[in-house]
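These values consider heavy atoms only, across backbone and side chains, with no hydrogens, waters or symmetry-generated copies. Remember, predicted model here, so these are calculated numbers, not experimental data. Residue numbers start from 1 in every chain, and the chains themselves are labelled A, B, ... in the order their sequence lines are given, proteins ahead of strands.
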There are 2 protein chains.
Amino acid sequence: MSTKTKILDAAEQLFAVRGFNGTSLREITSQAEVNLAAVNYHFGSKKELIKAVMSRFLDVLSPRLTLALVKLCEDETPPNLVEVFSSFVEPLLHLNEVKENGTSNFLQLLGRGYTDSQGFLRWFLTTTYPEVISSFVNAVQKAYPELTREEIFWRLHFTMGTVVFTMSSSDALIDIAVNDFDKQTDISDVIKRVIPYVAAGVGAPINKI
Amino acid sequence: MSTKTKILDAAEQLFAVRGFNGTSLREITSQAEVNLAAVNYHFGSKKELIKAVMSRFLDVLSPRLTLALVKLCEDETPPNLVEVFSSFVEPLLHLNEVKENGTSNFLQLLGRGYTDSQGFLRWFLTTTYPEVISSFVNAVQKAYPELTREEIFWRLHFTMGTVVFTMSSSDALIDIAVNDFDKQTDISDVIKRVIPYVAAGVGAPINKI
DNA sequence: GTCTATAACTAGATAGAC
DNA sequence: GTCTATCTAGTTATAGAC
C-alpha cells in the first residue's frame with residue numbers, strides 16, 4: 001500500500017470524525033504511519049489533501065448518480081419523488097464496496113465540508129461536479145412540475161441539510177437508537193428512513209408567502 | 001457596556017460566522033476591543049465562553065418555546081404538525097428583539113455546535129434545557145399518534161438537521177436567492193419556507209423497513 | 001521518495017504588575 | 001478589573017541530508 005493511499009485513508013477517517021479544522025496533519029501522518037512531510041510532498045497542502053479525499057469518492061459517485069437520475073427521467077411516465085430520492089441509494093451504498101465504511105465516511109465528510117471551512121467545499125463540489133446537481137434538479141422538476149425553480153432551490157437545500165447533518169452525526173444517532181430502542185441499526189437503515197422524510201418535504205404543498 | 005458583554009457580543013458574531021473551532025480568543029478580544037486575558041478572567045476558558053454565549057439565547061428562548069408548545073397541546077382538538085412547527089416562529093423571532101440579528105445568530109450557532117466540538121453542545125443542550133425537547137416530542141405525538149417513539153426520534157433529528165444546516169449557511173443561501181431569483185429574502189422568510197417542508201417530512205407516511 | 005530538523009507561526013492559558 | 005509579558009503546546013510548511 002502506497003504512502004499516498006495510506007495518507008488518504010487516514011485523512012478520510014479522521015476528517016469524517018473530527019472535521020477538517022479539527023484534524024491536524026500530525027494526527028493524519030501518525031495514524032497513517034508515514035512521515036509528516038509526506039503530506040506536503042504528495043499533496044502540496046492540507047487543502048489539496050481535502051480535495052483529494054473528496055474526489056476519490058466523487059469520481060465514483062458522480063457518474064453513477066447522474067446516470068441513475070437521467071435514466072429515471074427517460075421514462076414515459078414522470079417519476080415520483082420517492083423514486084427520485086431512491087435513485088441515490090444504490091450509488092451511495094456502492095461506495096461501501098469501493099472502500100470499507102465508504103458510504104458513511106463520504107456522507108459525514110460532506111456534512112463537515114458544508115460547515116467547516118466557510119463553504120469552500122460547496123464551491124469545489126458545484127464547480128467540479130455540476131452535472132449531479134443539474135440532473136437532480138431536473139428529476140425533481142419532472143416529478144413535481146408545479147414547484148418553481150426558487151422553491152426547488154430552497155427545498156433542495158433543506159434536503160441537503162437533512163441528509164448531511166444526519167450523516168455527520170450518524171454514529172452518535174445510531175448509538176442512541178441502539179441504546180434507547182434496542183434496535184440494531186446501520187447506515188443503510190438510516191438512508192431508508194430518511195427517504196420518505198425528504199420526499200414528503202420536497203413534495204409538501206406550496207405555501208404562498 | 002461592560003467588558004463581559006463586549007466579549008459575549010463579539011464571540012457570538014464570530015462563532016456564528018466562523019464556527020467555534022475556527023474562532024480564536026485573540027480574534028474575539030480584538031474585535032471586542034478588550035484585553036486577551038479578559039476572557040479567562042471573566043469566563044475561565046473558551047468552552048465556558050461558548051456555553052455563556054448559548055445560554056444568553058437559551059434562557060430567553062427555552063421558557064417561551066416550552067410555553068407555546070404546552071399551550072398548543074392543551075386544546076381539546078389535537079394540533080396538526082404545521083401548528084407544532086409554527087409554534088417556533090414567535091419565540092425564535094423574539095430573539096431579534098432581544099439582540100440585533102438574534103434569531104439568525106442563534107440558529108447559526110446551533111448549527112455550528114452540532115458539528116464543531118464533537119457533540120459537546122448537544123450534551124449541554126439536552127442536559128440543561130430538557131423541557132424544550134420533551135414538550136416538543138409531546139406535541140408531535142399528539143399531532144401524529146401513529147408515529148412510534150423510535151420514528152419520532154429519527155424524524156426529529158432529520159428536522160433538526162434541516163433547520164440547523166439551513167440556518168448555519170443561511171447567509172450564503174440568502175445571497176444566492178437574492179442573486180438568482182432577484183428576491184429580497186430574510187431569516188423570517190426562510191423560517192416560513194422551512195415549516196411546510198419539515199411538517200410534511202415529520203408527517204410522512206410510515207415506511208415499514 | 002522518505003527522512004530529520006526546524007522555521008515561522010498560532011493556539012489557549014496564566015503569573016504578576018498596576 | 002485590566003494590563004503586559006510570557007509559557008507551553010500546538011499548527012502548517014519546508015530545506016536539505018540520505
>> At 4.0 Å (heavy atoms only), tell me whether A/Ser2 reaches a base, stays on the sugar-phosphate, or touches nothing.
In response: nothing
>> Both A/Ser24 and A/Gly44 contact DNA chain D. Which one's nearest nucleotide lies toward the 5' end?
In response: A/Ser24
> In whole angstroms, how far is the C1' atom of D/dA9 from the CZ atom of A/Arg26?
Replying inline: 10 Å
> Passes salt bridge (charged side-chain N to carboxylate O under 4.0 Å, His left out), A/Glu150 versus B/Arg193? Steps please.
Replying inline: CA-CA 11 Å; A/Glu150 192 187 359; B/Arg193 275 187 199 277; 3.2 Å; yes
> For DNA chain D, what is the dot-bracket line, given that a base pair needs Watson-Crick (N1 to N3, plus N6-O4 or O6-N4) or G-U wobble (N1-O2 and O6-N3) geometry with both distances under 3.5 Å, and | means paired with another strand?
Replying inline: |||||||.||||||||||
> Between C/dA15 atom C1' and B/Asn35 atom CG, what is the distance in whole Å?
Replying inline: 13 Å
> Checking A/Lys4 against A/Phe43: charged group under 6.0 Å from the ring centre and within 45 degrees of the axis?
Replying inline: yes
> Of B/Lys6, B/Arg56, B/Arg112, which meets salt bridge (charged side-chain N to carboxylate O under 4.0 Å, His left out) against B/Glu12?
Replying inline: B/Arg56
> To the nearest Å, how far apart are A/Asn40 CG and D/dT12 C1'?
Replying inline: 7 Å
>> Looking at B/Thr3, I'd like to know whether one of its side-chain N or O atoms comes within less than 4.0 Å of OP1 or OP2 on D/dT2.
In response: yes
> For B/Thr29, which contact category applies under a 4.0 Å heavy-atom criterion: base, sugar-phosphate, or nothing?
Replying inline: nothing
> What orientation do B/Phe106 and B/Phe57 show, parallel under 30°, tilted 30 to 60°, or perpendicular over 60°?
Replying inline: tilted
>> Using the side-chain heavy atoms of B/Leu25, tell me which of these nucleotides is nearest: C/dT14, C/dG12, D/dA13.
In response: C/dG12
> Between C/dT2 atom P and A/Met1 atom CE, what is the distance in whole Å?
Replying inline: 14 Å
>> Side chain of B/Ser45, heavy atoms from C-beta onward: which of C/dA13, C/dT2, C/dC3 has the nearest atom to it?
In response: C/dA13
>> Whether B/Lys47 engages the ring of B/Phe124 as a cation-pi pair (distance to the six-membered ring centre under 6.0 angstrom, angle to the ring normal within 45°) should be assessed.
In response: no
>> Whole angstroms only, please: what is the CG-P distance between A/Asn21 and D/dT11?
In response: 13 Å
> Just how far, in rounded Å, is C1' of D/dT8 from CG of B/Leu36?
Replying inline: 14 Å
>> Once you apply a heavy-atom cut-off of 4.0 Å, does A/Ala38 come out as touching a base, just sugar-phosphate, or nothing?
In response: nothing
> How close or far is atom C1' of D/dG16 from atom OH of A/Tyr41, stated in whole angstroms?
Replying inline: 14 Å
>> Under 6.0 Å between ring centres: does that hold for A/Phe165 and B/Phe158?
In response: no
>> Under a plain distance cut-off of 3.5 Å, with no hydrogens placed, do B/Tyr129 and B/Asp59 share a side-chain donor-acceptor pair?
In response: yes
> Could you state the CD1-P distance from A/Ile28 to D/dT12, rounded to the nearest angstrom?
Replying inline: 8 Å
